[in-house]
*Asks:* 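Below you'll find the structure I mean.
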Protein chains: 2
Amino acid sequence: MESGIVPTTVSHLLHLLRHTCLIISLHQMLDSALSERDTDTDLSQSKQRSPSSSSSEIAMSSTAGQVIKCKAAVAWEAGKPLVIEEVEVAPPQANEVRVKILFTSLCHTDVYFWEAKARDIEHTLSETFENLGRHHCFLAYLVMKLEGIIVESVGEGVTDLKPGDHVLPVFTGECKECRHCKSEESNMCDLLRINTDRGVMLNDGKTRFSIKGQPIYHFVGTSTFSEYTVVHVGCLAKINPKAPLDKVCILSCGISTGLGATLNVAKPKKGQSVAVFGLGAVGLAVSSSCCFYAKKFGVTEFVNPKDHNKPVQEVIAELTDGGVDRAVECTGSIQAMISAFECVHDGWGVAVLVGVPSKDDAFKTHPMNLLNERTLKGTFFGNYKPRTDIPGVVEKYMNKELELEKFITHTVPFSEINKAFDYMLHGKSIRCIISMDA
Amino acid sequence: MESGIVPTTVSHLLHLLRHTCLIISLHQMLDSALSERDTDTDLSQSKQRSPSSSSSEIAMSSTAGQVIKCKAAVAWEAGKPLVIEEVEVAPPQANEVRVKILFTSLCHTDVYFWEAKARDIEHTLSETFENLGRHHCFLAYLVMKLEGIIVESVGEGVTDLKPGDHVLPVFTGECKECRHCKSEESNMCDLLRINTDRGVMLNDGKTRFSIKGQPIYHFVGTSTFSEYTVVHVGCLAKINPKAPLDKVCILSCGISTGLGATLNVAKPKKGQSVAVFGLGAVGLAVSSSCCFYAKKFGVTEFVNPKDHNKPVQEVIAELTDGGVDRAVECTGSIQAMISAFECVHDGWGVAVLVGVPSKDDAFKTHPMNLLNERTLKGTFFGNYKPRTDIPGVVEKYMNKELELEKFITHTVPFSEINKAFDYMLHGKSIRCIISMDA
């Protein structure tokens, strides 16, 4: 199947190449997602439901220092539907913040862990579900991007935030003290870098969640499938309180990753061509940021590797007179990574890897591909520092430099959170917003 | 064996790391080259022997348009000593320049081709000697870096150069018209990129050299082991006529490659650590440019991988609290390339590949090493554009920002050119200058 959002012939494409982005999709997800767009919720009628800062501040201050009982979606068993339970949420300790969740969402990584495929991932991920599941009930607050979050109370030492502030929790943090945080280039904080094994808070090595006193574990430091959660202050980006929480919540994960992979890492120049491998939310964010960059809707051609009997990098090189200027890999497939690198032009081409690979993958290429002046880079969360940079990304949306609505294909109430998993599993949604108070 | 130019303990090294360069040598070539420094020639007494522009212009104009008979070193058979012969050098055709060579030199790549190991190199190199050698006598003007060149006459269409100009011929060219030449990033000219197979001039597909009418072939477009040679104007960098030709001649190849690999590609910041794999001339130029950058003589530690029973990248990571900031690979060994990449720090580390690999090599690493925000790049001739940039490198030497004398360990007269091969083969020289009129 081959389809273009802007249908083009190859000659038209070649003409366009110097003036617009070339977005090459190896997955047809966008197409199916758009054609099967769910109509349960009329997004045009969605309203901003977050309380004003003043009212929320008043409402929340009464609970400071106390255990809060609230609803949370608990993953009792890998791959089985989450169960809405009443949980106890302890007050925040030093450098922690307790926040009220208004809107959250989920992404492929959440589904991946929920399915307990984590053991295929190197380093951090392998034993999470097995360890926790064997000894305890476990709560996988599967969170990658979320917002509609309002600070309820803050722990000792927290000076940046106060009750009522609007924040975006991010699955990776920024302590502002380590070498990575002090580097202009890195966002891989030594203290708060994503850790999918931990499940507990840094301050005391314990969880803030329980059900009738029995500990329930955090997931990637945020755990937002709960009406209230406790997060390290370094994982909270304080944002413009006027930003609509049901839209900007998706900036906590894949959308910012794709945006940053383009703007911070690939850095295409005006008029250059960009190949995007994989059109999930991250790939679409890459495309979107290219388009913004080129001031034009930029998808000119889809290439499906299955339609060709030679490596897709060769197909792309033929289409583009030697290769694209930039390529961004958003699938995690090792073959797509290699193709993304080998399809960039010699002399100046830059390939950026975004997708998370499997444990046993090996990136393999002939070194002459490098010596011919190609660059290969990888990125984590689009190289954005959560606290320093994400507020600025929210401002991009507020200034209409960034369109988020097109990523939000579905909205469900918290009670129907398992529908969001279904949509993701079956490739029906790009992003599904989960509304906590609906 | 482990030795440091500036001896340090590990703790001293760790202290120095933030203030100076860490230069890690995997080859001990510098050490042996320095200790076995040839004393045939007292370099301190070497004099500038190039004629002044005015006298050379007068002398040369009389030969314009005529065949010149002169001496050249001919490689009749792979691996066998060159033979000084009398050759005929035809006048330059369109976009060509005939030049008089005063000083030349050779590098490992010359020796590599002379030994006919070329068949191991991918793409360009495999059949040069076999094809030419089977059907013809062949002349391997083994040239990688050379100067002391003065324009004798110019062909049709050459407007940039006139008789008497001082030039550096470079093994790769710059047409100034193609996409690569017009790109700010690339120096891989479509027209004049290194081609070790060609052996003839572009204008008519024929050679300008002959012995008694029998064609003798060019090598990499320069062929400077001859008193006169013909070069495409795009391969000639016009330089400051005051620059001493017996010094700046080495800027046509490895020294500029190492310098550019650092300054144009790796771009270390002040105080960052740099690991250099391989201390031949290129690696030493990298070290030298780091040192200039850091305003300090920077070699703090040598690591010999044979001294350790674990991968050298792990040894380096331990020495440097997680990895170096930059690594430059100058050996061409695939294992050194992989080590150079894997020894850079996550978050900001940049590895640059310079050494030429073998045909069947595969660069292989786990993609997480990239996703953790490491960058892998390659460079060709240090990303310098020969005509645009090399005159500026000569100015660096003239302004004492660059020390070339320390690379020149030997000087021999043209009649003893085979000595230069011996020095290189036995690891005794860094650069040996061949003086044509001595």
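These values consider heavy atoms only, across backbone and side chains, with no hydrogens, waters or symmetry-generated copies.
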*Asks:* Dump the intermediate steps for side-chain contact (heavy atoms from CB on, under 4.5 Å) on B:Glu185 and A:Thr375, then the final yes or no.
*Replies:* CA-CA 11 Å; B:Glu185 297 159 278; A:Thr375 296; over 6 Å; no
*Asks:* May I have the step-by-step check of side-chain contact (heavy atoms from CB on, under 4.5 Å) for B:Leu370 and A:Met337, ending in yes or no?
*Replies:* CA-CA 11 Å; B:Leu370 287 151; A:Met337 292 181 194; over 6 Å; no
*Asks:* In terms of heavy-atom pairs under 4.5 Å with chain A, which of B:Leu353, B:Val352, B:Asp346 leads?
*Replies:*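 It is B:Asp346.
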*Asks:* Mind checking the CZ-CG spacing from B:Arg193 to A:Asn372? Nearest 0.5 Å is all I need.
*Replies:*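 Taking CZ in B:Arg193 and CG in A:Asn372, the distance rounds to 6.0 Å.
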*Asks:* With respect to chain B, which residue among A:Ala362, A:Gly347, A:Gly355 yields the maximal number of heavy-atom pairs within a distance under 4.5 Å?
*Replies:*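 Of A:Ala362, A:Gly347, A:Gly355, A:Gly347 has the most heavy-atom pairs under 4.5 Å with chain B.
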*Asks:* When rounded to the nearest 0.5 angstrom, what distance separates CG in B:Leu376 from CZ in A:Phe341?
*Replies:*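 The CZ atom of A:Phe341 is 7.0 Å from CG of B:Leu376, to the nearest 0.5 Å.
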*Asks:* Is a donor on one side and an acceptor on the other found under 3.5 Å between the side chain of A:His180 and the backbone of B:Trp348?
*Replies:*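 Side chain of A:His180 to backbone of B:Trp348, a donor-acceptor pair under 3.5 Å: no, none is there.
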*Asks:* Would you mind checking which part of B:Ser183 comes under 4.5 Å of any heavy atom in chain A, side chain (CB onward), backbone (N, CA, C, O), both or neither?
*Replies:*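 For B:Ser183, side-chain heavy atoms alone lie under 4.5 Å from chain A.
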*Asks:* Rounded to the nearest 0.5 Å, how far apart are CD1 of B:Ile334 and NE2 of A:His366?
*Replies:*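 If we round to the nearest 0.5 Å, B:Ile334:CD1 and A:His366:NE2 are 7.5 Å apart.
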*Asks:* Residues two or more places apart in sequence or in another chain: which of them pass salt bridge (charged side-chain N to carboxylate O under 4.0 Å, His left out) with B:Asp389?
*Replies:*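 Result, salt bridge (charged side-chain N to carboxylate O under 4.0 Å, His left out) vs B:Asp389: none returned.
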*Asks:* Can you list everything that forms a salt bridge (charged side-chain N to carboxylate O under 4.0 Å, His left out) with B:Lys310? Sequence neighbours excluded, please.
*Replies:*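 Applying salt bridge (charged side-chain N to carboxylate O under 4.0 Å, His left out) to B:Lys310 gives B:Glu318.
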*Asks:* Please determine whether side-chain contact (heavy atoms from CB on, under 4.5 Å) holds for the pair A:Asn187 and B:Glu373, giving the CA-CA distance in whole Å, both sets of side-chain angles, and the decisive distance to 0.1 Å.
*Replies:* CA-CA 9 Å; A:Asn187 64 345; B:Glu373 298 180 359; 2.5 Å; yes
*Asks:* B:Lys364, B:Glu184, B:Arg374: which one forms the most heavy-atom pairs within less than 4.5 Å of chain A?
*Replies:*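 Going by pairs under 4.5 Å, I would pick B:Lys364.
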*Asks:* Checking B:Val354 against chain A: side chain, backbone, both or neither under 4.5 Å from a heavy atom?
*Replies:*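 For B:Val354, backbone heavy atoms alone lie under 4.5 Å from chain A.
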